[in-house]
Number of protein chains: 4
Amino acid sequence: MPVEPDPTRRSHESWRAILDATFELLEEGGYESVTMGAIAARAGVGRQTLYRWWPSKAAVVFEVFLDKTNIGPFLAGGEDFPTQLRAFAHGFRTLYVEGPAGTRLRELTGAAQTDPDLARAMAEQWFEPRRAPVRQALQEAQKAGVVRIDIAPDTALDLVFAPMHYRLLVSGGPVDAEYVDAIVDLALAALAPGATPA
Amino acid sequence: MPVEPDPTRRSHESWRAILDATFELLEEGGYESVTMGAIAARAGVGRQTLYRWWPSKAAVVFEVFLDKTNIGPFLAGGEDFPTQLRAFAHGFRTLYVEGPAGTRLRELTGAAQTDPDLARAMAEQWFEPRRAPVRQALQEAQKAGVVRIDIAPDTALDLVFAPMHYRLLVSGGPVDAEYVDAIVDLALAALAPGATPA
Amino acid sequence: MPVEPDPTRRSHESWRAILDATFELLEEGGYESVTMGAIAARAGVGRQTLYRWWPSKAAVVFEVFLDKTNIGPFLAGGEDFPTQLRAFAHGFRTLYVEGPAGTRLRELTGAAQTDPDLARAMAEQWFEPRRAPVRQALQEAQKAGVVRIDIAPDTALDLVFAPMHYRLLVSGGPVDAEYVDAIVDLALAALAPGATPA
Amino acid sequence: MPVEPDPTRRSHESWRAILDATFELLEEGGYESVTMGAIAARAGVGRQTLYRWWPSKAAVVFEVFLDKTNIGPFLAGGEDFPTQLRAFAHGFRTLYVEGPAGTRLRELTGAAQTDPDLARAMAEQWFEPRRAPVRQALQEAQKAGVVRIDIAPDTALDLVFAPMHYRLLVSGGPVDAEYVDAIVDLALAALAPGATPA
DNA sequence: ACCTAACCGAGACGGTACGTCCTGTCTTCTG
DNA sequence: CAGAAGACAGGACGTACCGTCTCGGTTAGGT
């Protein structure tokens with residue numbers, strides 16, 4: 001049984017240096033170019049220190065990703081659900097889909113396909129925290145009768161989350177503001193209380 | 001100057017042995033356990049023969065994936081669009097989402113996040129051939145007035161394709177028949193000619 | 001500036017535990033398997049405590065060797081030189097050449113080839129104390145005219161000490177009682193006052 | 001079961017570069033400073049190539065030692081045994097006891113104390129080839145009645161070989177020409193047909 | 001009865017070397 | 001003469017130790 005090291009013994013300087021070094025390496029050459037050895041060398045840290053706190057380079061990169069991007073988007077309160085949802089979707093796109101954050105998200109999600117630990121960590125620490133507030137608002141909207149009650153909340157959420165991730169990871173299609181608007185429109189249409197199939 | 005190998009010289013026995021060996025290795029240990037060396041050894045083939053015809057293990061695995069799965073789903077003719085779409089979605093789920101094919105699809109899509117050549121090959125040879133017939137049927141349904149005309153076809157397609165891939169690749173949620181039904185229902189509701197947002 | 005540790009503060013329990021742990025590790029896996037970390041862990045002692053009192057694992061192992069073997073052989077008084085020499089040689093063989101002590105002696109002498117500090121310590125604290133009484137007896141025998149006077153004492157001593165160490169360290173040949181007898185016979189023949197070359 | 005690589009496939013350039021690099025590293029920093037990684041880097045060779053042909057750095061260094069020193073000493077023919085023996089002993093001292101060769105011999109013999117494979121290789125490929133011609137000459141001298149017949153040849157050989165190795169490896173005493181002469185004198189005295197103990 | 005200084009166990013730290021694995025190229029021998 | 005076999009340079013991996021360091025806790029005088 002692996003002994004969990006006492007986090008209070010952890011050297012803050014090393015931890016910071018490791019995250020910074022990893023960030024720089026990611027910016028310079030992308031995920032593939034990052035290696036445990038390169039991180040250690042850049043950070044001026046022993047290789048073993050890396051392995052003491054992270055099981056793999058994927059874990060380090062994920063922590064950097066969390067460290068740099070754990071800033072939203074937040075759900076605006078005091079607005080109606082459609083407005084909230086649209087604002088959230090645009091915020092998500094701005095923060096995570098384009099630019100380096102999008103590339104990191106693609107690379108990490110890619111690595112997670114063959115790394116169950118990473119997949120679990122990302123699900124718990126990244127994806128779920130972003131779905132949770134929207135789920136909450138959705139369920140309130142359902143109770144208020146603004147959204148169909150006969151849809152499982154997670155299925156409804158997928159209508160907005162899935163297309164953005166799908167274009168990012170699979171189809172490579174553009175995820176611009178127009179696309180986000182269209183997706184939100186379609187989701188709201190599908191979720192309208194009296195909606196019926198074509 | 002790299003000489004382009006003459007495809008007519010390609011040995012069918014070797015080609016077959018390589019694909020079979022790769023398939024076996026995938027079944028036995030998954031994508032991570034496959035290496036060019038292991039394929040060559042298992043196939044009784046020289047390493048160079050592999051590199052002559054494929055640039056990377058991803059390319060070999062993708063060819064195996066194509067070889068084993070290039071069998072549908074097909075779009076039923078002579079039925080109305082909702083019926084066609086639903087049947088297609090269930091067919092897709094059955095063939096590619098669960099079982100080994102789903103695992104291969106996840107692994108390859110994962111690898112494609114850091115391998116642009118693989119990403120392009122998969123888009124052209126796998127994803128697009130599956131979207132194309134549905135796009136065709138959708139556009140005919142739009143012309144027939146059965147589906148809203150004001151939606152870009154690829155955006156509309158995403159309503160069905162995205163959720164299945166999202167659960168497979170990102171959320172890890174179940175992709176069962178109920179989910180597929182729900183997604184198709186919601187897509188059709190969103191695409192109904194008179195649909196309006198919540 | 002390195003402060004010299006105060007020897008009076010030395011914990012006897014730790015010292016004992018370290019020597020015992022080292023001895024056990026040597027018995028279990030030989031010199032190669034002993035590490036400073038393993039000694040500390042086995043002794044229930046901090047790593048730093050080891051380094052406070054010994055500069056290297058070789059030094060610890062040598063102290064264990066001294067601790068366990070510093071018991072002779074002794075030179076019998078009141079006998080003639082040939083008898084003394086023969087008894088000493090057999091005693092040496094019994095105590096140090098065979099069994100674990102012989103293995104330790106081999107390993108330490110081996111390590112001393114690339115560790116001058118260890119080499120010096122062994123020469124002063126182990127080899128010389130064993131040569132000294134024999135040298136003393138030899139010199140008395142020379143004065144008494146029983147042994148040739150024209151041979152440097154250390155050269156004469158080598159006639160007995162060298163063959164046993166040579167077989168132990170270099171040739172791997174047997175160092176049994178017959179060999180010791182033969183060596184002592186030859187040495188005495190060479191050292192006889194009237195001896196002349198072949 | 002480890003597959004023995006086919007020696008005919010061995011790259012002569014790499015082999016030469018490895019031996020030369022190892023020799024240089026030995027000259028520069030001694031045995032301790034040599035590492036498999038440093039050899040590979042200096043030789044411009046892959047690490048795996050080293051491990052393909054040698055099991056350890058000790059094996060490489062031993063091969064370098066053989067390569068550089070496998071040049072004698074030779075036993076002069078047509079002379080009487082005492083003259084042959086003395087010339088051989090001086091030749092041995094000149095070639096192997098002083099200078100870098102002596103240091104290498106010490107380091108390798110040291111390493112052999114905890115490396116049985118090395119010990120065996122050295123015994124077979126280095127020590128025995130140097131003892132063999134002397135044993136041969138000794139046995140002829142015994143048949144000719146010039147040397148006592150009642151001494152095992154290997155015991156007799158030890159009278160000359162052991163003291164030189166003992167001073168080199170154990171006592172650190174000088175191994176100069178005077179010492180060699182004295183040792184040869186004593187050995188011959190001990191081996192004279194009519195020799196009797198003191 | 002309290003300081004205070006050195007000791008202690010524990011273990012994280014920066015490093016170095018290890019031996020293995022895999023990649024993509026090059027060479028040799030064989031059917 | 002095509003291709004199986006495998007050696008090659010290169011480089012990342014994860015592990016094992018090294019010797020130093022920092023952290024609290026304990027012990028032992030000296031006040």
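Within every chain, numbering begins at 1; the chains are lettered A, B, ... in the order of the sequence lines, protein sequences first and strands thereafter. The model shown is predicted, which means the values in this text are computed figures rather than measured ones. All values below come from the heavy atoms of this structure, side chains included, with hydrogens, waters and symmetry mates left out.
- If you look at B:Phe65 and B:Trp126, their ring centroids are closer than 6.0 Å.
- One can place CD of B:Glu32 at 11 Å from P of E:dC22, the figure rounded to the nearest angstrom.
- Relative to the side chain of B:Thr35, the nucleotides E:dA17, F:dA4, E:dT23 differ in distance, and E:dT23 lies closest.
- Contact annotation for B:Ser56: no contact, since no heavy-atom pair falls under 4.0 Å across all strands.
- Atom pair B:Tyr51:OH and F:dA5:P shows a separation of 16 Å (rounding to whole Å applied).
- Taking the charged nitrogens against the carboxylate oxygens, A:Arg104 and A:Glu27 do have a contact shorter than 4.0 Å, which makes a salt bridge.
- Residue C:Arg47 contributes atom CZ, which lies 13 Å from atom P of F:dA16 at whole-angstrom precision.
- Of the candidate nucleotides E:dA12, F:dC8, F:dC13, F:dC8 has the atom nearest to the side chain of D:Arg10.
- A:Gln48 contributes a side-chain N or O that forms a donor-acceptor pair with the base of F:dA16 under 3.5 Å.
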| query | What's the verdict on side-chain hydrogen bond (donor to acceptor under 3.5 Å, both in side chains) for D:Gln48 and D:Trp53, showing C-alpha distance, side-chain angles and the deciding distance? | reply | CA-CA 9 Å; D:Gln48 196 67 243; D:Trp53 301 108; over 6 Å; no
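- Shortest non-hydrogen contact noted between D:Arg42 and D:Glu24 is NH1-OE1, 2.6 Å.
- Place B:Met36 and C:Gly44 on DNA chain E by their nearest nucleotides, and C:Gly44 ends up nearer the 5' end.
- In this structure, C:Arg52 places its CZ atom 8 Å from C1' of E:dA6, rounding to the nearest Å.
- Rounded to whole Å, atom C1' of F:dC17 lies 12 Å from atom CD1 of C:Ile39.
- Side-chain nitrogen and oxygen atoms of C:Trp54 include none within less than 4.0 Å of the OP1 or OP2 phosphate oxygen of F:dC18.
- Taking for each of A:Gly46 and D:Pro55 the nucleotide of DNA chain E with the nearest heavy atom, the 5'-most of the two is the partner of A:Gly46.
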